[in-house]
Visitor: 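What follows is a structure written as structure tokens; I'll ask about it next.
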Amino acid sequence: MENGAGAGDDEYTRDGSVDLRGNPVLRSKRGGWKACSFIVVVVAGELGGDVCVVVVVVAVYELFERMAYYGIASNLVIYLTEKLHQGTVEAANNVTNWSGTVFITPLIGAVVADAWLGRYWTFVAGSAVYLMGMLLLTLAVSVPALKPPPCDGGGGAACPRASALQLGVYFGGLYTIALGHGGTKPNISTIGADQFDDFHPPEKLHKLSFFNWWMFTIFLGILFSTTVLVYLQDNVSWTVGYGIPTLGLMVSVAVFLSGTPLYRHKVPQGSPLATMGRVVAAAVWKWRVPLPADSKELHELELEHYTTRRGFRMDATVSMAFLNKAAVKPGEGGGGSVARLPGWTLCTVTQVEETKQIVKLVPLLATMVVPCTLVAQAGTLFVKQGVTLDRRIGKFHVPPASLGAFVTATMLICIVLYDRFLVPAVRRRTKNPRGITLLQRISLGMLLQIVTMVVTSVVESQRLGYARRHGLVATGGQLPVTIFILLPQFVLLGVADAFLVVGQIEFFYDQAPESMKSLGTAMSLTAYGAGNLLSSAILAAVERVTGGGKGRTPWVTNNLNASRLDYYYAFLATLAAANLLAFVVLSCKYSYRVESTETIDVDVAMDDVAQGGGVVTVKSEAAPMA
């Protein structure tokens, strides 16, 4: 246990944080922005007499990890088609399969972290695997024997196919990265948030800003990837384009490890999936057993059990009351038959409530898929629109994919404005530390996405009208219209992301049970994988339905001048509006974990800690406004 001069009990963290040896930690020696500076480089200052974090300059790890990931993902289809000589459909399918894997593996990493290794060691292991994948990819694009020879004269038949070895090395690197991503992605942001004690008011306030600045640095890395790295890959060499983020990732991991003595950690609480499965199975097994009139008669362990494990005990709630049957004690509820039930059917109230909390998140998670589908358009059809327009700025030609940088830049600006100006102004009116609730923030992002798709549809309609007036429909030629007519849709999408993306990640982290934080973070990531897959499914269905008759041109074809992409965007806007309606209905029925108006009842928490030696009893209360 750490010692400090004159240290009193009030100097120890109250949220169950420990060091790597499992000992309680002093607030003054670990965690806070001091620890986060190894994850996020921070400049502290003073505004209006209140000490606060003014600028987040660089996310040491996340900056380079996002640079590495997007440095690969944004140009992956180009490398597969131009360097490995794959066809367009084959390459697109390979990109989709890899992207889906990248967003699925965090679920595995989250379970490993919450059940066995803990977040820190899962992250360290994932980082090592990630680095191996980056090194393998860099070798694959650098060593001549690992690349097929260039095409002879340009014809498809003149382009030699990549050998099994060449494909094996490159795709081996890609999927090694996907595996490492599963260990790092759900844990690094969780480790950062764990440095702030929810039951210490100043630290709680800092934590509310953490996710805003965290996302700021993530998109700073994306901005660098979609501009500098893409340019280097296209105009200098793929070795340089892959080598820079690989070296940066090595440095960032080293910096993270150097801050280990300052980190606070959370003890793994067991497999969350196994716990949830046991609760559901026990409730079903005991479906005929009546519930006791007093919820205090349900099975729960003593506070000392949670104290020794630095855990959280939760009170029983009436929501999803059927699951409470899993905590009915033998001999309770009337009938001796309960006493003859297998031992595994007896769960604690805390296990039941943790299961309820995850189950409550699933419907809201489902409504995150459509917004992620809309986000996917920025890297696909938005870019294809840019190819049909005039991209010249003097002698310089704007790469269509680089327009995505406007999404990132807009989001960076909006996150700063939101955190530094909007939140303090709204906080004075709502008395909510976040200004508005997390679900309100997400709903605003969804609404802005609908506006974005409507504007995009109008702009595309004007582009198609110009193509028809100038006879460029049949030829599919480039229109003498500047590419910057697309700027409004990229900027609006960036504004929407500032509300939606940050709110989504923070919501699933914040609302997941304390023992399942990594799982909560991973859940938010799965929406992106599902959103990309849904985008492909919708596009394929629209093409099949709208082009089903003789002489009918599908809404989306290879020749965008002959397409009706404006109809497709209008369809997405309608789909997003229906999804927003479903989200609002679910949000109004949702009850926040711990917080009713996004505020921790610190006084209750302090009393619980004083009586329980570090244990906090967590309650769920209905949110007055979604």
Side-chain angles (χ1 to χ4, degrees), residues 64-105 130-143 146-148 150 159 161-162 166-182 185 221-246 248-249 372 375-384 386-387 399-405 407-408 525 528-529 531-533 535-536 539:
F64 284 101
E65 190 278 327
R66 290 294 84 186
M67 282 172 49
Y69 174 75
Y70 281 96
I72 296 167
S74 58
N75 240 9
L76 180 56
V77 70
I78 300 299
Y79 188 86
L80 295 180
T81 54
E82 295 187 359
K83 300 301 180 180
L84 295 185
H85 309 148
Q86 294 186 347
T88 301
V89 174
E90 181 184 9
N93 285 337
N94 282 327
V95 172
T96 302
N97 292 338
W98 179 67
S99 298
T101 304
V102 164
F103 286 107
I104 289 173
T105 54
Y130 204 132
L131 279 173
M132 289 173 57
M134 288 298 298
L135 289 170
L136 196 57
L137 272 188
T138 304
L139 286 175
V141 302
S142 304
V143 179
L146 298 179
K147 299 181 292 182
C159 295
R161 299 285 293 179
Q166 292 163 345
L167 290 175
V169 173
Y170 191 81
F171 281 96
L174 281 179
Y175 282 90
T176 300
I177 288 173
L179 181 61
H181 185 269
K185 194 59 181 174
I222 297 174
L223 182 63
F224 184 85
S225 298
T226 54
T227 53
V228 178
L229 289 184
V230 169
Y231 176 83
L232 291 175
Q233 291 167 0
D234 288 348
N235 298 281
V236 180
S237 74
W238 290 89
T239 301
V240 174
Y242 281 13
I244 289 176
T246 300
L249 199 60
C372 292
V375 171
Q377 307 310 308
T380 53
L381 294 179
F382 283 17
V383 176
K384 293 293 290 182
V387 174
S402 292
L403 286 178
V407 177
T408 306
L525 298 177
Y528 290 96
N532 283 323
L533 295 177
S535 178
S536 299
L539 190 58

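Computed from a prediction, not measured in an experiment: that's the story for all the values here.
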Visitor: What residues, two or more places apart in sequence or in another chain, satisfy side chain to side chain donor-acceptor pair (under 3.5 Å) together with T138?
Guide: T246
Visitor: For residues K185 and T105, determine if any side-chain heavy atom of one lies less than 4.5 Å from a side-chain heavy atom of the other.
Guide: no
Visitor: Y170: what forms a side chain to side chain donor-acceptor pair (under 3.5 Å) with it, not counting sequence neighbours?
Guide: Y242
Visitor: Atom CE in M134, atom CG in L139: separation rounded to 0.5 Å?
Guide: 11.0 Å
Visitor: Could you measure the distance from the CE atom of M67 to the OG1 atom of T226? Nearest 0.5 Å is fine.
Guide: 11.0 Å
Visitor: What residues form a side chain to side chain donor-acceptor pair (under 3.5 Å) with S535, not counting sequence neighbours?
Guide: Q377
Visitor: What's the shortest heavy-atom distance between V102 and A178, and which atoms?
Guide: CG2-CB, 3.9 Å
Visitor: My understanding is that only residues two or more places apart in sequence, or in another chain, count here; which of them pass side chain to side chain contact (heavy atoms under 4.5 Å, CB included) with K83?
Guide: Y79, W238
Visitor: Yes or no on side chain to side chain contact (heavy atoms under 4.5 Å, CB included) for T408 and T227, after CA distance, side-chain angles and deciding distance?
Guide: CA-CA 11 Å; T408 306; T227 53; over 6 Å; no
Visitor: Can you list the residues that meet the side chain to side chain contact (heavy atoms under 4.5 Å, CB included) rule with V169, with sequence neighbours excluded?
Guide: L136, A140, L146, L165
Visitor: Of all residues at least two apart in sequence or in a different chain, which pass the side chain to side chain contact (heavy atoms under 4.5 Å, CB included) check with L131?
Guide: L249, M250, V253
Visitor: Quick check: closest heavy atoms across P245 and A68, and the distance to 0.1 Å?
Guide: CB-CA, 3.6 Å
Visitor: Got a sec, which residues hit side chain to side chain donor-acceptor pair (under 3.5 Å) with Y130, two or more places apart in sequence or on another chain?
Guide: E65
Visitor: With sequence neighbours excluded, tell me which residues meet side chain to side chain contact (heavy atoms under 4.5 Å, CB included) with F103.
Guide: Y69, L525, Y528, N532
Visitor: Okay, side chain of Q166, backbone of L84: is any donor-acceptor separation there less than 3.5 Å?
Guide: no
Visitor: Start with the C-alpha gap between W98 and L80, add the side-chain angles, then the distance that decides, and say whether side chain to side chain contact (heavy atoms under 4.5 Å, CB included) holds.
Guide: CA-CA 12 Å; W98 179 67; L80 295 180; over 6 Å; no
Visitor: Please find the pair of heavy atoms, one from S142 and one from T239, that lie closest to each other, and give the distance.
Guide: OG-OG1, 2.9 Å
Visitor: For a 4.5 angstrom cut-off between non-hydrogen side-chain atoms, does L137 reach V141?
Guide: no
